[in-house]
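For reference, the structure is listed below as structure tokens.
Since we're looking at a predicted model, the values are computed, not measured.
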Amino acid sequence: MATVIYSLCALTSIMCLVLLWRSWRASGARLLFWSALCFGALSVNNVLLVFDRVVFPVEVDLGMPRLIAALVAVLLLLFGLIWEED
């Protein structure tokens with residue numbers, strides 16, 4: 001069951017990335033751009049989670065790369081929110 005949940009989380013974050021990217025291309029709103037980049041990093045985080053827990057459950061520990069991807073995602077969104085403050 002965990003495999004299904006991890007995979008659905010990864011697919012959901014990838015879908016959010018695609019939808020935010022398409023909206024940014026259509027409207028040009030810069031906050032959509034930063035949100036899309038954030039969800040891109042969150043997608044990487046979720047894909048690493050699937051690899052860490054499902055594909056390589058014992059052999060490889062991907063905890064640190066997952067934390068780095070999450071940190072990058074939060075920093076991208078924080079930078080976008082600060083940068084777009086009017």
| Only one of Leu19, Leu20, Leu37 clears side chain to side chain contact (heavy atoms under 4.5 Å, CB included) with Leu32; which? | Leu20
| message | Is there a path of hydrophobic side-chain contacts, each under 4.5 Å between heavy atoms of I/L/V/M/F/W/Y residues, joining Val47 to Leu11? | response | no
| Spacing of CH2 belonging to Trp83 relative to CG belonging to Leu78, to within rounding of 0.5 Å | 13.5 Å
| remark: Residue pairs meeting salt bridge (charged side-chain N to carboxylate O under 4.0 Å, His left out), one or both in residues 31-40, sequence neighbours left out, come to none
| task | Mind jotting down which residue pairs meet the salt bridge (charged side-chain N to carboxylate O under 4.0 Å, His left out) criterion with at least one end in residues 29-42? Sequence neighbours excluded, please. | result | Arg30-Glu84
| query | What residues form a ring pair (Phe, Tyr, Trp, His ring centres under 6.0 Å) with Trp34, not counting sequence neighbours? | reply | Phe79
| task | Any pair with a residue in residues 37-66 that passes salt bridge (charged side-chain N to carboxylate O under 4.0 Å, His left out), sequence neighbours left out, goes on the list, sorted by first then second residue, please. | result | Asp52-Arg66
| note | Rounded to the nearest 0.5 Å, the CG atom of Leu42 sits from the CG atom of Leu49 at a distance of 12.0 Å
| remark: Closest non-hydrogen atoms of Val44 and Ala69, given as atom of the first, atom of the second and distance, are CG1-CB, 4.2 Å
| query | Could you state the interatomic distance from OG (Ser23) to CG (Leu31), rounded to the nearest 0.5 Å? | reply | 11.5 Å
| field | Pair listing, side chain to side chain donor-acceptor pair (under 3.5 Å) test, anchored in residues 3-13, at least two apart | value | Ser13-Ser43, Ser13-Asn46
| said: Within the 4.5 Å heavy-atom criterion, are Trp21 and Phe33 side-chain neighbours or not? | reply: yes
| query | Residues in salt bridge (Lys or Arg N to Asp or Glu O under 4.0 Å) with Arg25, at least two apart? | reply | none
| request: Say whether Leu48 and Phe56 are linked into one hydrophobic cluster, either directly or through other cluster members, by side-chain heavy-atom distances under 4.5 angstrom. | output: yes
| Separation of Ile14 CD1 from Cys9 SG (nearest 0.5 Å) | 11.5 Å
| task | List the atom of Ala41, the atom of Val72, and the distance in Å for their closest heavy-atom pair. | result | CB-CG1, 4.2 Å
| If two hydrophobic side chains count as joined below 4.5 Å and joins carry through other members, does Val54 share a cluster with Phe51? | no
| task | Find the distance between CG (Leu81) and CG (Leu76) and round it off to the nearest 0.5 Å. | result | 11.0 Å
